[in-house]
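Inspection log for the structure reproduced underneath, given as structure tokens.
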Amino acid sequence: MNEHTLDQEEGKSLNFLEEIIENDIKEGCREIHTRFPPEPNGYLHIGHAKSICLNFGLAKRYNGTCNLRFDDTNPTKEETEYVDSIKEDIQWLGFMWSKECYTSDYFGQLYAWAVLLIKKGLAYVDDQNQEEIRLGRGTVTVPGTNSPFRDRSVEENLDLFARMKEGEFEDGSKVLRAKIDMAHSNMLMRDPLLYRILHAHHHRTANQWCIYPMYDYAHGESDSIENITHSICTLEFDVHRPLYDWFISKLEIYPSHQYEFARLNITNTVMSKRKLLQLVQQKLVMGWDDPRMPTICGLRRRGYTPASVRAFADKVGVAKRDNVIDLGLLEFCVREDLNHNAERRMAVLDPIKVVITNYPEDKTEIIHCVNNPENEEAGKREVPFSREVYIERDDFMEEPPKKYYRLSPCKEVRLRYAYLIRCDEVVKDSDGRVVELRCSYDPQSLGGTSSDGRKVKGVIHWVDATKAKEVEIRLFDRLFLQESPDVVEEGKTFIDNINPNSLHIVRGFIEPELVKAKLGETFQFERLGYFAIDKDSTLENMVFNRTVTLKDSWAKENK
RNA sequence: UGACCUAUGGUGUAAUGGUAACACAGCUGAUUUUGGUUCAGUCGUUCGAAGUUCGAAUCUUCGUAGGUCAACCA
């Protein structure tokens, strides 16, 4: 066991899918087979991460297998670019599929089964156009009416369907439908479409086919071909289950079963692919991997770790109830991980220069700083210190409120790991803005402890002004300020809910050693939050993304 | 005016006819060379009504509320 001890596993209660599986195992199901079936028409988001953790996690837990299956039945929307990104994201999350499958691999079998259904009198070619079919379907309260082509002979259907496949007919001129019940209370059972004609180039089968199976026809059979025991999908497919079962039973093939769980929703976040695509296309974000996006690549770029996303998926649970998870839970998960695993560094995002007047002009000394107080093995590092340092503008107030224990005139504060300093003089420009603080240090206080036992409550971070490197730092706020960005007034869209101030770019200063940091590394900048190197980072212009702030009870109190 | 799904603290999730609990969020305090971390404490919960039962969050019935379904999308 790598992540949990056995005891923890045993103490945890089962979710409803685990209960079903354990019950199936008890009743003789020998191997568990799941699958993750994305359509390669966009990038994966945190909602998919929940499904990935579920499907791959269940397979792992019960020593089964989990296939990755690209559900590529609609060539007009699917691209290889997406296939590659999906594979990358799943592996980044820490999972590996047993088999890489494509629904398009089964086009031949699916076609043969459609012919079989026709022969059984369970499918027919319909010449009605889209509008006629829609009208014939009725409504949720009014039964549909049979198509005039519903009673074609088997021979005629076979002939027509073969000619559909041969490309004899125009797009939209004919479809293959199942013959079920036009008055069924479940709209999906009113003679659903099995095949449509689409003279389109497919990213894998190229121009081999001009008829393509619909989702409902392809999905269950693909599960069946792969011997999937537990086909897990989201709640909106619940009404599809009778149809899923219908095909399997009429075809008399391996009985896969479908189970539905509630999809993930997060406050202040939009999750639909369509909306995320819109954000990208309208250039409201930098791309699919913008650190403000809920995409997996966005989270990765932001500095989220695979373990933190997995922990989140675990904490949100699995059930059938519609839910909205507080974005704060995701932030909690990444803080918890990074607190233990990210090394500390010092950086100043909004500097004021501090001149230590009684410190020798040309002296530089080395300060030893703890890399991670949560992990002694992380050791210490050397940080230069000299007469001029930068501190955070927030860490000085000329007229401090009560309980402010940072720097203010005549008050003493600790420069973390270095010295105690006292502010003697405030230098301002002609506009009254503080430009420099002239301080004196206590030479006896190296390391930060006074020699006479006097207590100094405040501790602030700093960087050596002569040796610090200037970098770009990107600070993110939530993309939407409303808890439910999808809820909009008449005439508005979720786009109107975008937070205009979700990105702040600042120039900050970092410890000199930090320039060696590489893409993929994340640090805690002490007292500020967790920061990850951005892919835009270059030798000339290093770029850091703030993954998440630290909890800050002072800021909260003084809001 | 259909069928199906769902209903437990602020948000999630458990309790499988027998003491309603866990996490996040909130609030108090302690510790702390990060106003971080950690620790201790605290707030607050079974949609409604009737029924079955010694006993109901759990079973039954009737309500109520929310969601899903009428693409040649998945």
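Chain naming here is simple, since letters A, B, ... match the order of the sequence lines and numbering starts at 1 in each.
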| Among B/G12, B/C72, B/C24, which nucleotide sits nearest the side chain of A/Asn323? | B/G12
| query | Does one side chain, of A/Asp223 or A/Tyr244, offer a donor that lies under 3.5 Å from an acceptor on the other? | reply | yes
| field | Listed nucleotide nearest any side-chain atom of A/Val459, set B/U34, B/A14, B/G36 | value | B/U34
| task | Enter the distance from A/Asp89:CG to A/His45:NE2 here, rounded to the nearest 0.5 Å. | result | 11.5 Å
| How is A/Pro373 classified with respect to the nucleic acid when contacts are heavy atoms under 4.0 Å: base, sugar-phosphate, or nothing? | base
| query | For RNA chain B, whose closest nucleotide is more 5', that of A/Tyr417 or that of A/Lys320? | reply | A/Lys320
| said: Applying a 4.0 Å non-hydrogen cut-off, can you work out what A/Gln524 is touching in the nucleic acid: base, sugar-phosphate, or nothing? | reply: base
| Within the structure shown, what part of the strands sits under 4.0 Å from A/Asn129 by heavy-atom distance: base, sugar-phosphate, or nothing? | base
| Can you tell me how far CZ of A/Arg177 sits from CG of A/Leu117, rounded to the nearest 0.5 angstrom? | 14.5 Å
I'd like a table of atom pairs between the protein and nucleotides 63-65 of chain B - only N or O on both sides, under 3.5 Å - with the distance next to each one.
none

Are there any protein N/O atoms within less than 3.5 Å of an N/O atom in nucleotides 25-32 of chain B, and if so, which ones and at what distance?
residue	atom	partner	partner atom	Å
B/G26	OP1	A/Lys556	NZ	2.4

Between the protein and nucleotides 66-70 of chain B, which nitrogen or oxygen pairs come in under 3.5 angstrom?
residue	atom	partner	partner atom	Å
B/G67	O2'	A/Asp322	OD2	3.4

| request: Go through B/A74, B/C72, B/G35 for me and flag the one nearest to the A/Asp71 side chain. | output: B/A74
| Nearest listed nucleotide, side chain of A/Ile325, among B/G12, B/A14, B/A71 | B/G12
| message | Going by the rule side chain to side chain contact (heavy atoms under 4.5 Å, CB included), which residues pair with A/Val548 if we only count those two or more places apart in sequence or in a different chain? | response | A/Glu331, A/Val334, A/Arg335, A/Tyr530
| query | So, A/Ser147 versus A/Gln128: side-chain donor-acceptor pair below 3.5 Å or not? | reply | yes
| Results of side chain to side chain contact (heavy atoms under 4.5 Å, CB included) for A/Asp127 - residues two or more places apart only | A/Val125, A/Phe149, A/Arg152, A/Lys174
| request: Could you state the atom-to-atom distance from CG of A/Asn341 to C1' of B/U37 in whole Å? | output: 14 Å
| Does the base of B/U38 carry an N or O that pairs as donor and acceptor with the side chain of A/Glu374 under 3.5 Å? | no
| By ring-ring contact (aromatic ring centres under 6.0 Å, His included), which residues pair with A/Tyr217, not counting sequence neighbours? | A/Tyr195, A/Phe247
| request: For B/A74, take OP1 and OP2 only and decide whether either is under 4.0 Å from a side-chain N or O of A/Arg196. | output: yes
| Contacting residues from residues 214-226 of chain A, given that a heavy atom lies under 4.0 angstrom of RNA chain B | A/Met214, A/Tyr215
| request: Would you mind telling me which of B/C73, B/G36, B/C72 lies closest to the side-chain atoms of A/Asn74? | output: B/C73
| message | Aromatic contact between A/Phe312 and A/Phe332, with the criterion being ring centroids under 6.0 Å apart: yes or no? | response | no
| query | Has the side chain of A/Arg406 got a donor or acceptor atom sitting under 3.5 Å from an opposite partner on the base of B/G35? | reply | yes
| task | Sugar-phosphate atoms are those with a prime plus P, OP1 and OP2; base atoms are the rest. Using that split, label each nucleotide of nucleotides 41-48 of chain B B, S or - for protein heavy atoms under 4.0 Å, 5' to 3'. | result | --------
| said: Just to be sure I understand the rule, does A/Tyr530 reach a base, reach only the sugar-phosphate, or reach nothing, if contact means heavy atoms closer than 4.0 Å? | reply: nothing
| task | Look at all strands and tell whether A/Val142 reaches a base, only sugar-phosphate, or nothing, counting heavy atoms closer than 4.0 Å. | result | nothing
| message | Given 3.5 Å as the limit, does a donor-acceptor pair link the side chain of A/Glu336 with the main chain of A/Cys333, or not? | response | no
| task | Name all residues meeting the side chain to side chain contact (heavy atoms under 4.5 Å, CB included) criterion together with A/Arg196; count only those two or more places apart in sequence or in a different chain, and write none if there are none. | result | A/Asn74, A/Val175, A/Leu198, A/Tyr212, A/Met214
| task | Determine, for A/Phe261 and A/Lys320, whether the Lys NZ or Arg CZ falls below 6.0 Å from the six-membered ring centre while staying within 45 degrees of the axis. | result | no
| field | Interatomic spacing from CG in A/Leu193 to CG in A/Asp126 - rounded to 0.5 Å | value | 8.0 Å
| request: Assign A/Glu331 to base, sugar-phosphate, or nothing according to its heavy-atom contacts below 4.0 angstrom with the strands shown. | output: nothing
| request: With heavy atoms under 4.0 Å as the rule, sort A/Val456 into base, sugar-phosphate or nothing. | output: nothing
| Is any NZ, NE, NH1 or NH2 atom of the basic residue among A/Arg381 and A/Glu513 found under 4.0 Å from an Asp or Glu carboxylate oxygen of the other? | no
| query | Between B/A74 and A/Thr73, is there an OP1 or OP2 to side-chain N/O distance shorter than 4.0 Å? | reply | yes
| query | Is A/Asn67 reaching over with its side chain to a backbone N or O of A/Arg69, donor-acceptor style, under 3.5 angstrom? | reply | no
| Which label fits B/A71, syn or anti, where anti is any glycosidic angle not within 90° of 0? | syn
| query | With a non-hydrogen cut-off below 4.0 angstrom, is A/Leu329 in contact with a base, only sugar-phosphate, or nothing? | reply | sugar-phosphate
| According to the Watson-Crick and G-U wobble definition with distances under 3.5 Å, which dot-bracket string, read 5' to 3', encodes RNA chain B, using [ ] for crossing pairs and | for pairs with another strand? | .((((((..((((....[..)))).(((((.......)))))....(((((..]....))))))))))).....
| When all nucleic acid strands are considered with a 4.0 Å heavy-atom cut-off, which category describes A/Val316: base, sugar-phosphate, or nothing? | sugar-phosphate
| task | Name all residues meeting the salt bridge (charged side-chain N to carboxylate O under 4.0 Å, His left out) criterion together with A/Glu236; count only those two or more places apart in sequence or in a different chain, and write none if there are none. | result | A/Arg263
| task | Output all residues satisfying ring-ring contact (aromatic ring centres under 6.0 Å, His included) with A/Tyr390, sequence neighbours left out; order by chain, then residue number. | result | A/Phe509
